[in-house]
Every structure is written in structure tokens, then in C-alpha cells.
Amino acid sequence: MPEIRSPGDGANREPPRVGVYVCHCGTNIAGTVDVKAVTEYAAKLPGVVVSRDYKYMCSDPGQALIQQDISEHNVNRVVVASCSPLLHEPTFRRVLSRAGINSFFLQMVNIREHVSWVHLDKQAATEKTKDLVRAAVRRVSLHKPLQKRRVPINPNVLVVGGGIAGIHAALTLADAGKQVYLVEREPTIGGHMAKFDKTFPTLDCAACILTPKMTSVGSHPHITLWTYSEIVKVEGYVGNYKVQVKRKPRYIHEDLCIGCQECITACVYKEGKTPDQFNLGLSKRKPVYLPFPQAVPQKVVIDPETCIQFKSGKCKKTCVEACGERQAIDFTQTEKFEEIEVGTIILATGFKTFDASRHPYYGYGRYPNVYTSLEVERLINAAGPTGGEVVLRDGTRPKSVGIIHCVGSRDANTNRWCSKVCCMYSLKLAHLIKERTGAEVYNFYIDMRTPGKGYEEFYDRLLDEGVHFVRGRVAEVSDWAVHPSEEGKLVIRAEDTLAAFVRRIPVDMVVLSVGLEPQADVQEVRRLFNISCSTEGWFLERHPKLAPVSTFTEGVYIAGACQGPKDIPDSVAQAGAAAAEALALIDAQFVELEPYTAFISEEECSGCKSCIPLCPYQAISFVEDKKKAAINEVLCKGCGTCVAACPSGSIQQNFFEDDEIFEEIEGVLAYA
Amino acid sequence: MKYTYYPGCSLRGTGRAYEESLLAVFRALDIELEELEDWNCCGATTYLSVDELTSYALAARNLALAEREHRDVIAPCAACYLVLNKTQRYMHDYPDIKLVVTRALAAIGLTCEDHVRVRHPLDILLHEVGLKTIAEKVKIPLKGLKVAPYYGCQIVRPYATFDDQHNPTSMDRLLEACGAKIVYYPLKTRCCGGSQKGTLPEIGLDLIHYLLSEAQKNGAEVIATVCPLCQFNLECFQKEAGNHPPISMPVLYFTQLMALALGASAKTIGLQRSLVSIAPVLAKKEIAYA
Amino acid sequence: MGAFGTHTMWTEVGMELKRTVKFEADRDPEFARWISHTVGGERIRQCLQCGLCSGSCPLSLYMDYTPRRLMHLSREGFKEEVLSSSSIWLCTACYACMVECPKKINVTHLMYALKQRAIEEGFYPKRFPIPVMAQQFSRMVRRSGRITESWLVVRVFLRSAILRLLGMSKLGLRLFLAGRMNVRKERIERRQEIVALLDSVAATRKELAL
Amino acid sequence: MRNRELTRPEKSQATFEPRIVAFFCNWCTYLAADLAGTSRMKYSPNVRVIRVMCSGRVDPQFVLDAFAHGADGVFIGGCHPGDCHYQEGNYKTLRRFHLLKRVLQQMGIEDERCRLEWISAAEADRVRSTINDMVEKVRALGPLDLIPTEDKVSAEEVAV
Amino acid sequence: MPEKPKVAFYWCASCGGCEEAVVDLAEAILDVVAAVDIVFWPVALDFKRKDVEAMPEGSILVSFVNGAIRTSEQADMAHLLRSKSKLLVALGSCSHLGGIPGLANLFDRESILNAVYLESPSTVNPEGSLPATHHKDDGHTVELPRFYNTVQALDQVVEVDYYVPGCPPTPRIFRTALQTLLGDELPAKGTVLAPDHALCDECPRKDTKPERLSFVEFKRPQQVLIDEQECLLAQGLLCMGPATRAGCEALCVRGNMPCSGCCGPTSRVKDQGAKILSSLASLVEGKEEAEIDRILSTIPDPAGTFYRYSLPASLLHRKKLDGCHCKNR
């Protein structure tokens, strides 16, 4: 690893010749900050040899301006006052590099996000900008030449979550020859998509397009698939993560089970007794089961909660008998922990649907014929509990069905966001229900949101099919009949805002189009992977537009609905993007890390050991023969906590040295 | 050039001046018009309220009669123009309508094979005669007479074929060729209220008022129209519609203005039939007409 | 319908209140079917309720239900509301709505259809002149083959608003003096053709139940 | 002589504009402030933000240095407990902050002048509201005015 | 024989310990006397102020001034010696950092005078008279030094060239400093003439300090039986050693007492109190605020503890007083 600090640092450095570059950012900055005044002010600051303003500093001519000054005016320190350093610091650092000076001789001043966009008073904004520029000029003069650190990238990738996003990401990477670990906590991969019958707007059969991908995952030579497993520990850093995976016991030897399902047939339970989770409780399963016919891997699971052998130990074990010589069943199996090393991680942990009982006035859980949209997906599915028949709880066909949109979406009482997919899947369900039952179908919606290829056309088609569209948020579903035609029905009450009156519409079946929510354990997961969440609980991307699959933790990417509500095409696209990001890193073979590490001056350190317990990465150790502390720069992540705590000031952090920060503090406060 | 001429009922009543001036213009341009033999009411808009099928049948009789002449039909009245066009189109689009109409025509020994083109005088004058010819034949230029060109609805909507739906300019160009100055008139295709003045007069007057006051505001000295109903509405209810401030605005058929320029005498083009005379304006402009 | 349904009442404080909950039973699905099968109504179900028709209509500002609302009520089958609406009588058939409609719905034509249906089913203000005018119009055409405006106007007003005719007499006189009021009735030569034509239409209509 | 910058203009309560130095963690509060920008939220222009990689980098000396150089308030923004990008840096900040606040109290510096807030990257509105709130509170307290110390004092006192 | 370099000693607000330290050179004092010519040393020899005033500017090679600046007379003398000396050296903690007298900066003059002359229970002062700068007696007006509102380190009043740390400086520190000053090569101006690392480096108990230390309680020396071998911090005692400049050879620790920080911070630290605060607080156990507060409450007087010798030289310099304390109240 090359040295972070260039040799000869500090000794005989040339006096600073600072160039100050103030960006207009069109009118983004210039509209609020008097850019000219700032530029003129900066020109008079000590050490400043050039001060310029420009329309777009980040543009090619803007960059050329800086480069030219470095070569022509011997500028050796650069201050760029523009946008957030998180956006363009790399851009301007490259400019310095190209011009032949150390790229860390740059200080950015954030006068857009932190000034022009948040203040109205032009004079105050200009004064603030001057303060910030002055501080930067003072600070940059103290900057030391630094080098980025290079660390090698382990080419293995961990993909967490086996829904469509995880599957797609895993296959993309595996096809590129990378070793992928796909970890899924359910006994099968497939996620939500496996539960659907058709997909909008093309009405492709979900199984037809998903199953081949699932099978590929199961058989791919480069994919290690661990279902029924969870990540319990993540250590390390980009390119070099150590991950511990807990594999829950399925009481079946995966390598011995061939998926013949004879054990299921042979189970002492003649009929299933346990609500089948995959069918959302609409059917029953046995203690030994396969989640669904196309499950991958095709390995059964034993549920110890309901299996007699686990409960009493006195089962006849007909299943073991049926398995015969294969001996795949093992009641003594316990959870196992696997350690893997990967360089990058893709999180595709998906979403959960809104719990419809949180809207008691829609009667979910109270009226048997109020269903969630996901339940109806299962009803419609030919492999579902009713073999594709859309029927009420009593087995009869509904003559009228009301589909209520935005359940748990666009509602300050529950979730404020639009769940994005509900309009389209509601249209799809409306179409399928009408097709299967001939029922009169009513959609109750707030706005119809169909942005997507072929989506508006699908809406058009549904309009034409004679599905009713009532624009209004449903206030209540009840069985209270006030009109003879309402007897024995569920009455939906809503204002038809287009007709501008309240309507009561009696139906046989109500479908609640539930919104998408972050997974329940999202906080634990994000802490595990050291990433952030939005206030809503969606994983936070590095930049909403320019880095939508990256996170603030290098080497950890997000794909699919864990980042926000997304439909299948968007999830797949994002999964592909995440895989590409991981591949780019792997192919580069190493990654450059910011040199913001801490270092201890050996001759100054007193060996007081105060810093040692403070480092969460065990990067600081006590060197016994010298009786001094030392920092391992590979392990140091550059938080600076030890620097702040060193009682004798003997630890410094690159780019955030005490003197540099003091200079910045005193710089912003100094009066002009 | 020779065309079949379908006057329609209005041109024999309130819109008599339209017919007189139209014929004068075509005469001056040496275009022969032959009135459709034994034509009947087109069916008009009002009729549709009662019985659309009958309205198509009535229109179709005229089309069938015209077909025998193998000439394009000129329908100056906007309502007639629309209904005749619409009938052709609906017979084409809706088999039921075609069946009813074909049978009805058959009952009186006629057939309608969609051979004739129903055209508006603006279309003929602009595209067949041409601005150059017209300009050459102008005898008394209108000397910058400020005209607000008012097209109304039905000649441009819904089946505009010869001009722009949103901003028609055929009349503008024709009158300019006659020396007039066209004023900016954003309401040139806005509805005059049609028969509303007769049914719900308050509303009709509102609409008329907008049209008149906007023309006045933009400095028009005369409004030129292409529709007997528009002309009637705008001229006859000025007093009622224009109380604040009172409006006195001559409303002429565009053919009257053209005929003037082409040298026709006032009497032959029905200027005397106006309730608001244009004479003072012409005098002021020193346009000495015959 | 008990305490629900459309129902007007006077409160003790003299305020007129209207209950306007709509039941599904208030809907007439047949009417909805009819409108979507009538000429021009083919695409009414595709209506996005964008309101461009109402915005472009020069008369919507006087209407109780804007054209957009009428489209929605019609396709949902709220026949009574639609046919008793004043809007259908306010339409002047200027076609502004139709040419701009993003779904190419023939709103103007639907207005005609609704007018016709309203007349058929007796949904119109008693002395409202349009049905009267249409009636007189058709009678005159059947008899003469053409319309004589002066006579049409007199007849319409005699049957609807006699007082207004008196108010208009001054204008009538001026028009008469200007030679714009025909005294002589216009008529065509072969009037029997018109009768035969109209009879044939009536017969075919009956036969095909159009 | 130990240098002190004494050029600060006389502060009067009427024209007083508080000057607040903020230390924002690169991973949360700094991002939240960026988000406040992209969301075009508006807040008082009295804060000068200094970026650090972690609130754990905030040396109590920084806080005192800011006060000594004319800051009327200091605002430290870090990640919520349990959310630190570096696992536990913010707990160290919290502990130091508690002890520092006691020293500040002893030194007569009002509580409202030094503030520690946990603001995640998504909580742009908390950046806005905290800054506005702090500016108003510090405004009410008036200038800190630690600066005119020894030289000025001595000069005047010697003159007696 | 060339003229011996002239040396002066002066004593401002201090306890006199630094003077003792000079004397504590013991027999080495003779070497000093042999090497230099002491031209001013009020505590030991009879010189008058006017003698100094009579000296040419810059005629003294080194003036050692100990004690903080508390009164106008001390300030005057500091200026006077500055002008007469080539090198002005702050000797001992009070001069270097403000020292123990500097803790008076937690109060103002008024409250100090009130406490001493009016409120203390042993004081009898029925007229309530307070020290004044002018006193009339028998027709004569006597001018007396003014008692300042704020205690200052020497360098806050006059330019100082070097510092000799310690309360008092140990004979070894002083001797080494003297040798340096009389030597051929002078260190950079502003240097503290002592090693520039923390005390732990030379602490005899260094090896007993555990690598992973954390605090659940801070103990005061009188509360526990102190182990004579083990690191004091490891015993929960608040030792300032990690944040204090070395040079004293850990005399206090050898005496089984924790370091209280008299040698001040290393050159890399601006504020000794803030640094020890940061270091100790970082190592406190607990993540809940209440638990943190409980542990920290076992440090009863943090300002007095962390700034025992350095309050005037600290970043905050003194307690902020109500109203504008720049006005002479």
C-alpha cells in the first residue's frame, strides 16, 4: 500500500498561492448570493493570487479555468465555492491531479445546498458565503499532500434477499463468472412475485417468467444458495467484508432431499392443519411441507412448531419411513453458522404489505369477504388455494367486487407515500376478476397513477372494459343495509368526487389494495450493514438521482423495493444496476479509499493508551517495545474519535487535522 | 368554373344579404353558380335535437340531388355546411345511419354515393380563385377598413378541411386582398351562442357581448361574418348586449365587403338590410362605393 | 327509501337541505349501456375526467353539471341526474369540446343524444323552447321541405314564451322593413318526397329498433 | 503574546445577529443539511457549518475555540444513537458533551449556546427547525462577548 | 574576562514556590551565581525598582518572572522588565498559564473583595472599607496597585520568549532551562522548556495501565487506599498525567498522588482542560444519558479540576460574567 502522506510532507513547502473559484451554478447560487462581491472579497484575502467566478464551475470550461491558473499563475491551493463536496469534490480533485498538483490541496465550500438554496436574504447569504470562503482559504493553506489508499476487492458477492431483485442481481453476477452467495430467510426464493398470477400491464404469467430464473439460481455453478438463512454479523470494509450467516435447521439434509415429497404424503397428518403462510392462510399445510410447487430449492421443510415428533417425540415417523434409504430427514439438526468473505454486498430485502387491519373502518378481519390484494392474488393464481377461482369464503362467486386503492398509502395516519404499484395491480386485479367472474367491478381511487410503459394504455383498456371508476377515498365498508338492495352485502361508502355526491355501493367482495412498507426488521438490517434509512424506513441511496443503488457505505448496494416501492421492471432494472456497480468494483480489482485515516506521531505519543479502547475497529494497538500506540491504517476508517480524545494531541487525522479545523473555525468567525 | 349552389333556408330569410352579396362576388369573378334544383332544408342543428336520423336523411336528399350534377356544392350557411359534411361522414362511419338513409332515399328514387364535395365559399375563393385574381379585380379598395374577422364555430369545427381549426385565416386573407386591415381578434372562432338568444336570452346576450366588446376594444370598424345566425345575433342584439358601454358595430357578411371592393353597388348586396349601417364608416374612410 | 336517498327538507330555521346519497339502485345500468352504444358514445368509458371539455365550453359556466360531470354521470348510469340537467339544453353545438378531447369522445354529439333522450322521456322544463322549436321545425319541414324563419319564430314563441314575442316585435318589424322577414312561406316542389323520406326513416328505425 | 483577534465590532442587542458554528457529521447531519438545500427549505443564515467525518471528531477544544473566537453558539449534529457510521463515535460525543456542558455552566456560558442533536440524513426538516430554534434562543440571550478580554480590560483598568 | 550575562528574577501573583525552586538548585546555585550576574531579585537581594529603571534597554539577558498578573503593579513590572531584557521567561505555572491564582477567574473582582473584606466570618470591617487605588492619609495621597478583575498569564500582558513550566518547576527543569538559555543555540521563541510529550511517558506506573480502560466512577484520593504501584487512572483516580507535559519525572505520582496538571499541555494542545475532559469522558462507560451523568457527577468540580493551573491561559480565559465585563465595574 502506498503511503497516504507524500514524502517530504511539511518540509520546505512553497508558500500557499490560493486560487478561489466561485460558481454561479446558473442562477442556483447567483440568484441568492452576490457572486461578484464574493469573488472580489476573496481576491483580497491573504494568500489568494487568483479569484474568479464562473457560470458552471463543474463544466469543462470551468475546470479548464482552474487547470490553467494552476499552470499559468502557479496556483498551488484551490478553493471551489459551489455545491456540496459530496457532489463535486471528486470532480475538482481530478482537476488538481490533471494540473499536476496534489488533489488534496482543494477545499470545497458548500454555498448552494448550505447557502443559496436555504436562505432568502441576499445580503445575509453573501456575508455567509464570504465567511465560508475566508475559512476555506485559511484552511486550504494548511492542507497536506495526501494519497488515496488502495485496497484489493474480493470478487465474491453477497446478495441478501431472494425476491426478483435478488434473483436478478445474483444471476447477472454469476453469469459474469463471479461467485455469489444468495441468502434468503424464507425456505424458498421467489419473494412476492412468486405469489402473483399475472403481471401488469402485459398480463404475462408471473410463474412463467419467474420460475426459469429461480431454477437457474438453484442450479448455477457460481451461486451458493442458502435459503432459510439470515445474516447475523458483518465486519470489514469495502472489498473485504466478513459475513456470518445463520442457517436455520429445516430438519432435512438439503443435499440428500430430492424433493420427491413422499414424506409429505406419508405424514401422519392426513390433512394440513396449519395455515399456509405462502397462501396467506387461505389454505392449510402439513408440518412437513414444500412452500409451493415451484419452490427453489426443491427441498421440504419441517416445522417444529407443529410436528408431533418435536412436540411429543412420539410420532410414528412415517415420513422417515417414506424417505427410506435417502435418510434426508434429521430431527436432530441444529442451526449452523457459516463464515464467508465477500467484497461487495447487494441488499434486496424487499418490502412487506401494509397490515389492512390498521384501517378498522374497512372491516378487514371483521368481514370474511374483505380481502387484501395479496390474498386475491393467491385466489386468482391457478396454483393457489382455489385453483384460480375467485370465490367468496362460502365458495360462491361474487357478483360485485369493490377494489379500494391506497389502503395504507397517501395517508398521514399510516403511510404518507404513494406505494406506486397499487394502481396498476388494482387495474390488473379488476381485469382478472371481471374476466374470471363476470362481476361488476368498482375501483375506488384517489388519483390514477399509471406512469410506465404500456401502463396508461392498460388503464384505457380497463376503462373500456366497463370497470367502474369512482374517484374518492372510501370512508367505510360495512354490512349496514339501509336499502333493500344492500341486504346481505358489504356496503362501500365513498364520495364520488367526479359526480360530487356520496355513493353507497353494495358488493359481495371487497379487495383492499394494500400499500408497500419497509420490512419490519429494517432497522436491525441497516445497522448490520451500516447503511441509513429514510424516515419512512426505506434504505437510503447515496444520491436519489445519480447514485440510486449505492449507499453511503462503500461496497454495499441496494436493489428493489427495500429502497422504496417499486414494480417488477423497476426492481429488475435496479438489481441489474446494483450488479453492474458491484462488477465495476470487482473488475477494477481495487478500490480507492479516502485517506482520512488517523496517525500517531511516534515521538510525541506518551503511550497513555487512552485512545486504544476508543477505536471500534481495533485499529490502534500498543507497541510494547516502543511503549507507544500505533494505528493500522488499513483498519482505520477515519472517524477521528481517537484524535479528538488524545489528551496530548499526538494523534492527527489526515485532511481533518486539528490545525486545519481550528483554522476553519477561526476563519468563519474572523471579521473581515 | 361552375358550382352547384345550395343556399339553405336562412339565406332566403334573415340572411338574404348573404345570398345577394355572395352571388355578386361570384358574378364579378365570373364563376357560375347553379342553384340546386328543388333543394330542401338541410336538417340543421336544431333538428338533431329531435331526430338525428331524419336530419341525415334530409341532408342526404340534397347530396343525392347534387350528385346528379357531378359538381362540387357550395354551402354558404355555416349550419348547412356542417350538416351536409357531417351527414357524409356519418354515413361513412356508421353502417346503421347509412342503411336508414339509403333506404329513405331509395323510397324517393335517389341514391347517394358520396360523390360530391360540399364546400364553403371561403374555400372556393381562396383555393380555386386565388388571392391574386381577386386582388386584380378589386375596383374599390377597402383602404384599411378595420375588420374583425369572425368565423364562429361550425365552418372550422369539427370538420375543418380548408382552414386551421384554431386560427382560421382564409377570410382574413381574402379581405386583405380587398384592401381591408384585419384587426387582432382572438375570439374569431368562439361561439356566438347560436339559438341561445332565442331560448335562454340572458346567456345568449352574455356571449354576444363578449364578441362585440372584444372587437370594439381591438379597434374594429366592422365585423365580418360567414354565418347567418352569427350575423343575426351580433347585429340584432347590439343594443341589449352592449349596454356598458353601448356598442354600435356594423356586422356584415364577408361577401358584402368583398362585393363592395369588387365594385358591386350597395343596393345589390343588401347593405340597406343592415340594422347598423356601415355607411358612416365607409364615408369616414372615404371609400366611395357604388 | 326511508331517511336516505335524495330527499329535500325544510329545517326549523328555514334552510332548505337536500340529502343526496346515491344508492346503486339509483343507477340505471341500461342508460349507461345505451350511452356507450349511441353514436359518438363509443369512447365515453375511456373518459379520463380531465375536464378539458368543461374548460373549453363557452357555456359551462352557466351549467349545473359541467360536460365532464355529465360524461361521468352518464357512463355510471345516473339517468335522472343527467336528463334533468340544464346543461344539455345550454349546449350550442359549437364543437369546442369535441375537437380538443384527448380521448376523442364526441361530446357534442352526446349532448344531442341526451337532448333527444330527454325529450323522449319528458325531462325538460315545460315551457323550455328548444323541444318546442324542434317540434315546430320538424313539422314545418315535413309540410314545406324548407324553413321559413319568420314563421318558425312566431310559432315557437306562441307555444313557449308569448310575452317575449311581444318584446321582440320591434326587432321583428325592423327586420321586416329590411326585407329580412319572409311573409311568404318557402316550400319545395316535390313535397311528397319529403313525406316519403321521413316515413321511410321512421319505418326503418322501427324495424331495426334504432 | 498569545494572539487574540479583537477586531470584532461592538455588538448591540438591537442589531445583534447570532453567529453559530456547527460541526456536522459527514454521514447524517451534513447530508440532512444538503437535503434541506435540495428541498429548498429556508432557515436562518446565522450558522456556519464545518464538516467532520463523525461527531466523534469534535474535540471539545473546537467548541471552546469557537466561543473564544466570537461564536455565540455551537451546534454539533451527529447520527442517532445506534446509527453511527463508525459504530459508536456518537456515544463518545455524547459523553464528552455532558462533561463539557458542566464546564460551560461553571464558566457562565448559558445552556442554549451549546447544543448536540442527533439528526439523520433524512431529517432535513430537523436541521431547519433546530437551526431556527437555536438562532432564536441565542438571539434572546444576546452576544456571548467573551472576546474583549485581557488587553482591553488591562488598558482600561490601568488607566484608572 | 567578558562580562557575565545579567539575570533578573521577579515575583508577581504567586506563592513564592518558584523562588524556592531557584534556591532548591542547592549547590548548583553556586554555578549559577558563578555563571551569571544577578541584577534584580527582590525576594533575595535588595534591589529597587528605580535601579531597574536606570538600566539601559535590553541590558538584562534573561528575566525570570514568576506569578500571574493580578495587579497593576505586576503589570507595570512586567512591562518594565520586558523593556530591559533580551529574553523574558515565564517561570512556573502561574506565569506560564495563570496558575492557581488564575482560578480566581471563576469570579470577578467585586465578589472576591466582598468575600475577603466583607463576608468572610473572621473579618472585622465595620466600615466596610475595601482596597482602593488611592489613599489619603495625613495630607498625603498614596497610590496603590489596582486589583484587576481578571488574572492573566504573563504572556497575556507582555511578550514572553520562553516558558519554564511546573508548580513549581522542579530543580531539574529549571536547571535544564537555564542551561538551554545560556547555551549557544536558543530554541524557537515561545518554546516551553520541558519535554513535549505527556507525563505518562515518564511515569513509573506506565506499564500497569491497562490497554482497555473505562470508567464507571471517579474517585478522590481521600476516598480510597491508593495502591502504590498501579496506574492511578486504573484505580479510578483522576490523574491529569495523560494531558500534562512531562519533565517533572512524575513527582506527584511517585508521592502516590495523581498529577494535577501543573506543567500545562503539550505544544499541540490549545486547551489542557478540554483535552483531559475529552479523553476521560470518551472512556466513560454507559450509553444512556442518565448513566453517563451519574458517572461524570463523581467529578464534582470539572472546571476547577481540569483547569487547576491553566484557567487564564485556557480558551475561555475566565468565567463569563453577567453584562459586559469589559467595563470596569
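Only a predicted model underlies this, so the values are computations on that prediction, with no experimental measurement involved. So that the names make sense, note that chain A is the first sequence line, chain B the second, and so on, each numbered from 1.
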Would the number of heavy atoms belonging to other residues, nucleotides or ligands and lying under 6.0 Å from [atom1] of [X] be above 12?
| X | atom1 | result |
| --- | --- | --- |
| C:K104 | NZ | no |
| C:E189 | CD | no |
| B:Q165 | CD | yes |

Contact check, side chains of [X] and [Y], non-hydrogen atoms, under 4.5 Å:
| X | Y | answer |
| --- | --- | --- |
| B:D93 | C:V39 | no |
| B:L99 | C:E207 | no |
| C:R184 | B:R12 | no |
| B:Y210 | C:P58 | no |

Please name the pair of heavy atoms, one in [X] and one in [Y], separated by the smallest distance, quoted to 0.1 Å.
| X | Y | result |
| --- | --- | --- |
| B:F232 | C:L175 | CE1-CD1, 3.4 Å |
| C:L197 | B:I108 | CD1-CD1, 3.7 Å |
| C:C94 | B:C191 | CB-CB, 3.6 Å |
| C:R190 | B:D38 | N-OD2, 3.0 Å |
| C:T92 | B:G193 | CG2-O, 3.3 Å |
| B:C41 | C:F137 | SG-CZ, 3.8 Å |

Please classify the contact between [X] and chain B as side chain, backbone, both or neither, with a heavy-atom cut-off of under 4.5 Å.
| X | answer |
| --- | --- |
| C:L59 | side chain |
| C:I194 | side chain |
| C:D199 | neither |
| C:E186 | side chain |

To the nearest 0.5 angstrom, please state how far the [atom1] atom of [X] sits from the [atom2] atom of [Y].
| X | Y | atom1 | atom2 | answer |
| --- | --- | --- | --- | --- |
| C:L171 | B:E240 | CG | CD | 8.0 Å |
| B:L58 | C:R146 | CG | CZ | 12.5 Å |
| C:L177 | B:Q272 | CG | CD | 12.5 Å |
| C:L61 | B:D206 | CG | CG | 7.5 Å |
| B:I203 | C:S86 | CD1 | OG | 7.5 Å |
| C:E149 | B:C9 | CD | SG | 7.5 Å |

Which atoms of [X] approach chain C - backbone, side chain, both or neither, heavy atom under 4.5 Å:
| X | answer |
| --- | --- |
| B:I97 | side chain |
| B:E235 | side chain |
| B:S274 | backbone |
| B:R16 | side chain |

Under the 3.5 angstrom rule, does the side chain of C:R180 hit a backbone N or O of B:R273 as a donor-acceptor pair?
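Flag set: sc C:R180 to bb B:R273 pair under 3.5 Å.
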
Donor-acceptor pair, side chain of C:R205 and main chain of B:V100, under 3.5 angstrom:
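Checked: no pair found.
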
Can you say whether the rings of B:Y56 and C:H109 are parallel (under 30°), tilted (30 to 60°) or perpendicular (over 60°)?
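Parallel.
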
Ion pair check, C:E100 and B:R157, cut-off under 4.0 Å:
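B:R157 and C:E100: not salt-bridged.
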
Hey, mind stepping through C:S138 and B:T54 against side chain to side chain contact (heavy atoms under 4.5 Å, CB included) and telling me if it holds?
CA-CA 9 Å; C:S138 62; B:T54 309; over 6 Å; no

For the candidates B:G109, B:P158, B:G13, B:C153, which exhibits the highest count of non-hydrogen atom pairs separated by less than 4.5 Å from chain C?
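Most heavy-atom pairs under 4.5 Å with chain C: B:P158.
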
